[in-house]
Protein chains: 2
Amino acid sequence: MKKNEQKLMQARADMFKALGHPARLAMVIALGEQSLCVCELQKIVESDISTVSKHLSVLRSAGLVESDKQGKQVFYSLRLPCTLGFVRCVDKALAERGY
Amino acid sequence: MKKNEQKLMQARADMFKALGHPARLAMVIALGEQSLCVCELQKIVESDISTVSKHLSVLRSAGLVESDKQGKQVFYSLRLPCTLGFVRCVDKALAERGY
DNA sequence: CATATACTTGGTCGTTTTGTCAAACATCAA
DNA sequence: TTGATGTTTGACAAAACGACCAAGTATATG
């Protein structure tokens, strides 16, 4: 594999990796419906607020979500809606295995 | 989040996580073309054969690929072709950022 | 049977990721 | 300004990951 091809593959993999955590994936799926502030996202994943914030920063570095400060709240929104399409396909596969 | 919902989210995340490594992703993309034996996959990722084998076992546990022993070779094939669709979407997003 | 080939598994070790706490920061309201 | 609220950041320990080597299993072949 050539060097620039490796870099591209790494960049792609980083996106998948960011989604490879149940809390982060749950937040991304929730953001598929609407933008949400950190406090609302925390209710979804039920973790320490600092943990939630760090997960969000992982998603943001990967370019999957973007943040928008409104007053003292920060709203996150989904930048890559096609993620949801893949989740649906994954769900179909999981359903075949009894999920 | 309820317990079974958490399990589902974990299973989904495991799929993403399995794809979150450049070697594994490269192999999955290659398998999108055709089934390949471990030896051919090794040529693609250029790692130790034992490393390749372990990566493949991660992909298999996640349900992304399946294996089929033919003689002394083991052929792997892609179980979730929709993965490639998401890769294309990721590539579009990466392209917008200069890749 | 003995050997070679194709692959998997176990062990080790350095690196990365996670979660938590405390502290910092930003914004609003009294 | 002071305090309350919402979020981020730094530090640190525990856990998971990734790569390599060695050893193990399975299958074909001489």
Side-chain angles (χ1 to χ4, degrees), chain A residues 1 6-7 9-28 30-31 34-78, chain B residues 1 6-7 9-28 30-31 34-78:
Chain A
M1 204 152 42
Q6 275 185 338
K7 274 207 150 191
M9 202 60 78
Q10 180 70 61
R12 285 165 168 161
D14 286 342
M15 291 259 199
F16 281 100
K17 194 164 155 184
L19 294 164
H21 187 288
R24 291 196 292 263
L25 188 54
M27 292 194 285
V28 164
L31 292 175
Q34 60 187 308
S35 296
L36 294 167
C37 66
V38 179
C39 52
E40 287 164 312
L41 289 163
Q42 184 193 14
K43 289 177 199 154
I44 293 169
V45 303
E46 292 165 313
S47 297
D48 192 289
I49 186 89
S50 71
T51 302
V52 173
S53 179
K54 282 183 182 170
H55 279 313
L56 286 167
S57 108
V58 171
L59 290 172
R60 184 147 46 86
S61 324
L64 288 159
V65 303
E66 60 192 354
S67 60
D68 173 29
K69 187 157 194 171
Q70 291 182 22
K72 45 186 173 176
Q73 300 192 352
V74 178
F75 281 82
Y76 282 81
S77 52
L78 187 56
Chain B
M1 206 154 39
Q6 274 185 338
K7 276 207 148 192
M9 201 59 77
Q10 181 68 60
R12 286 164 167 162
D14 286 343
M15 294 251 195
F16 281 101
K17 194 164 158 184
L19 294 164
H21 186 287
R24 290 196 293 261
L25 188 53
M27 292 194 285
V28 163
L31 292 175
Q34 60 187 308
S35 297
L36 293 167
C37 67
V38 179
C39 50
E40 288 165 310
L41 290 164
Q42 185 194 12
K43 289 176 199 156
I44 293 169
V45 303
E46 293 164 314
S47 297
D48 192 289
I49 184 88
S50 71
T51 302
V52 174
S53 180
K54 281 184 182 170
H55 279 313
L56 286 167
S57 107
V58 170
L59 290 172
R60 185 147 45 86
S61 319
L64 287 159
V65 303
E66 59 192 353
S67 60
D68 173 30
K69 187 158 194 170
Q70 291 180 24
K72 44 186 173 174
Q73 299 192 349
V74 177
F75 282 82
Y76 281 82
S77 52
L78 186 55

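Numbers restart at 1 for each chain; the letters A, B, ... are given by sequence-line order, proteins then strands. Note that these values count all heavy atoms, side chains included, but never hydrogens, waters or copies made by symmetry.
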Checklist outcome for this item: Residue pair A:S47/A:K17 against DNA chain C: nearer the 5' end by closest nucleotide is A:K17

Next on the checklist: Can you pull out the residues from residues 62-75 of chain B that lie within a 4.0 Å heavy-atom distance of DNA chain C?
Outcome noted: B:K72, B:Q73, B:V74

Checklist entry - Does B:V52 offer a backbone N or O that forms a donor-acceptor pair with the side chain of B:Q42 under 3.5 Å? => result no

Item to check | Where A:L64 and A:L78 come nearest, the two heavy atoms and their spacing | outcome: O-CD1, 3.5 Å

Next on the checklist: If I take atom CD1 in residue A:I49 and atom P in nucleotide C:dC25, what distance separates them, rounded to the nearest angstrom?
Outcome noted: 19 Å

Checklist entry - For the residue pair A:A23 and A:V45, what are the closest heavy atoms and their distance? => result O-CG1, 3.6 Å

Item to check | Minimal non-hydrogen separation, A:P22 against B:A13, with atom names | outcome: N-CB, 3.5 Å

Checklist entry - So do B:H55 and B:T51 actually touch side chain to side chain, heavy atoms under 4.5 Å? => result yes

Item to check | Main-chain N/O of A:Q70 paired to A:Q73 side chain as donor or acceptor, under 3.5 Å | outcome: no

Checklist entry - Can you check whether B:Y76 has a side-chain N or O nearer than 4.0 Å to OP1 or OP2 of C:dA6? => result no

Checklist entry - Under 4.5 Å between any side-chain heavy atoms of A:L56 and A:V74, yes or no? => result no

Item to check | Least distance between heavy atoms, A:Y76 atom then A:V65 atom | outcome: CD2-CG2, 3.7 Å

Checklist outcome for this item: A:E46 CD to C:dT20 P, in whole Å, measures 12 Å

Checklist entry - With no hydrogens and no angle check, is any side-chain donor or acceptor of A:S61 less than 3.5 Å from a backbone partner on A:S57? => result yes

Next on the checklist: With side-chain contact (heavy atoms from CB on, under 4.5 Å) as the criterion, how do B:E40 and B:F75 come out once you've worked through the C-alpha distance, each side chain's angles and the decisive distance to 0.1 Å?
Outcome noted: CA-CA 9 Å; B:E40 288 165 310; B:F75 282 82; 4.1 Å; yes

Item to check | Terminal contacting nucleotides, 5' and 3', DNA chain D versus chain A (heavy atom, 4.0 Å) | outcome: D:dT5 to D:dA11

Checklist entry - For DNA chain C, which residues in residues 50-60 of chain A have a heavy atom at a distance below 4.0 Å? => result A:S50, A:T51, A:K54, A:H55

